[in-house]
Amino acid sequence: MQLDYNYKSLVESLQLLACSYDDQVNALPDYVDLLDELLSIFRDSFLSLPQLIENDYLSSMSIAAIIRCYNWVEVLSRNQETLTTDSLKGHKSWDKVRDMAESCLNEMGEIKRGPDLNFLDRVD
């Protein structure tokens with residue numbers, strides 16, 4: 001079912017965002033731009049949020065957490081200071097994103113772990 005796939009993709013994108021910088025680097029192929037790939041994966045999975053909400057896949061608390069995380073990611077992606085791989089590695093704003101993504105997973109009843117990239121739509 002497409003909704004199950006969409007939910008799993010959202011979970012895996014949050015798992016990836018919640019990872020440490022080193023785990024993010026190890027999870028993705030060397031040839032991708034790490035920051036661009038993280039943003040693309042999360043944004044793509046976020047697009048399915050309305051369908052997941054309409055079909056009661058998410059609690060109101062998890063929806064709020066996901067939207068807060070998305071909004072923070074969008075703010076950071078518009079700031080040249082935080083839109084670099086170096087900032088992803090050590091800037092406290094990206095650490096906040098990691099914490100927010102973990103909070104989303106907690107609200108969704110999911111345990112933080114490494115991402116399963118087989119469920120993520122991305123270009124190889």
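These numbers were taken from a predicted model, which means no experiment stands behind them. Numbering starts at 1 and runs along the sequence shown.
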Participant: With rounding to the nearest 0.5 angstrom, report the CG to CZ distance, Asn71 to Phe46.
Facilitator: 7.0 Å
Participant: Could you give me the CA-CA distance, side-chain angles and deciding distance for Arg43 and Ser77, then say whether side chain to side chain donor-acceptor pair (under 3.5 Å) is met?
Facilitator: CA-CA 11 Å; Arg43 286 173 176 153; Ser77 71; 2.8 Å; yes
Participant: Between Thr82 and Trp94, which heavy-atom pair has the shortest distance, and what is it?
Facilitator: O-NE1, 2.7 Å
Participant: Cluster question for you: counting only ILVMFWY and a side-chain heavy-atom cut-off of under 4.5 Å, with indirect links fine, are Leu88 and Val75 together?
Facilitator: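 Per the 4.5 Å side-chain linkage, Leu88 and Val75 are not co-clustered.
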Participant: Measuring only between side-chain heavy atoms, which start at C-beta, is Glu37 closer than 4.5 Å to Gln24?
Facilitator: no
Participant: For the pair Tyr70 and Phe42, name the ring-plane relationship: parallel under 30°, tilted 30 to 60°, perpendicular over 60°.
Facilitator: tilted
Participant: Distance-only, no hydrogens or angles: does the Ser62 side chain make a donor-acceptor pair with backbone N or O of Leu58 under 3.5 Å?
Facilitator: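 Here the side-chain-to-backbone pair does not exist.
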Participant: Would you say the side chain of Leu83 lies within less than 4.5 Å of the side chain of Gln80, judging by non-hydrogen atoms?
Facilitator: yes
Participant: Are Leu16 and Val25 connected, step by step, through hydrophobic side chains (Ile, Leu, Val, Met, Phe, Trp, Tyr) whose heavy atoms are closer than 4.5 Å?
Facilitator: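 As far as the 4.5 Å side-chain criterion goes, Val25 and Leu16 are connected within one cluster.
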Participant: With a 4.5 Å heavy-atom cut-off, do Leu17 and Ile41 have their side chains touching?
Facilitator: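 Side-chain contact under 4.5 Å: no.
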Participant: Quick one, Gln51 and Gln2 - any side-chain contact, counting heavy atoms below 4.5 Å?
Facilitator: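 No - every pair of side-chain heavy atoms lies 4.5 Å or more apart.
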Participant: So which atom in Val97 and which in Cys69 form the shortest heavy-atom distance, rounded to 0.1 Å?
Facilitator: O-SG, 4.3 Å
Participant: Rounded to the nearest 0.5 Å, how far apart are CG of Leu14 and CD1 of Ile66?
Facilitator: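 With rounding to 0.5 Å, CG (Leu14) is 6.0 Å from CD1 (Ile66).
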Participant: Leu39 and Leu76: side-chain contact (heavy atoms from CB on, under 4.5 Å), yes or no, with the steps?
Facilitator: CA-CA 10 Å; Leu39 294 174; Leu76 293 182; over 6 Å; no
Participant: Test your reading of the model: is there a side-chain donor-acceptor pair from Asp116 to the backbone of Asn118, 3.5 Å cut-off?
Facilitator: yes
Participant: Considering non-hydrogen atoms only, spot the tightest contact between Val32 and Pro29 and give its length.
Facilitator: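 Closest approach of Val32 to Pro29: CG2-O, 3.2 Å.
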Participant: If I compare all heavy atoms of Tyr57 with all of Leu3, which pair ends up nearest, and what's the gap?
Facilitator: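 Closest approach of Tyr57 to Leu3, heavy atoms only: OH-CB, 3.4 Å.
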Participant: So, taking the atom named OG1 in Thr85 and the one named CG in Asp36, what distance separates them when rounded to the nearest 0.5 Å?
Facilitator: 9.5 Å
Participant: May I ask you to test the Lys96-Met100 pair for a side-chain heavy-atom distance under 4.5 Å?
Facilitator: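 Lys96 vs Met100: side chains touch.
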Participant: Any side-chain heavy-atom pair from Leu38 and Leu28 closer than 4.5 angstrom?
Facilitator: yes
Participant: Without placing hydrogens or testing angles, list every side-chain donor-acceptor pair under 3.5 Å for residues 104-112, not counting sequence neighbours.
Facilitator:
from   : atom 1 : to     : atom 2 : distance (Å)
Asn106 : ND2    : Glu102 : O      : 3.4
Glu110 : OE2    : Tyr7   : OH     : 2.7
Lys112 : NZ     : Ala18  : O      : 3.4

Participant: Hydrophobic clusters here meaning ILVMFWY residues chained together by side-chain heavy-atom distances under 4.5 Å, can you tell me if Leu10 and Ile67 are in one?
Facilitator: yes
Participant: When you look at CG of Asp4, are more than 12 heavy atoms from neighbouring residues, nucleotides or ligands closer to it than 6.0 Å?
Facilitator: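 More than 12 within 6.0 Å, yes.
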Participant: Answer yes or no: is there a side-chain heavy-atom contact under 4.5 Å between Leu34 and Tyr21?
Facilitator: yes
Participant: Apply side chain to side chain donor-acceptor pair (under 3.5 Å) to residues Ser20 and Asp23 and explain how you reach the verdict.
Facilitator: CA-CA 5 Å; Ser20 68; Asp23 289 341; 3.3 Å; yes
Participant: Would you indicate whether the side-chain heavy atoms of Ser87 and Ser93 approach each other to under 4.5 Å?
Facilitator: no
Participant: Flag the pair Asp95 and Arg98 as a salt bridge only when some basic side-chain nitrogen lies within less than 4.0 angstrom of an acidic carboxylate oxygen.
Facilitator: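 Salt bridge between Asp95 and Arg98, a charged N being under 4.0 Å from a carboxylate O: yes.
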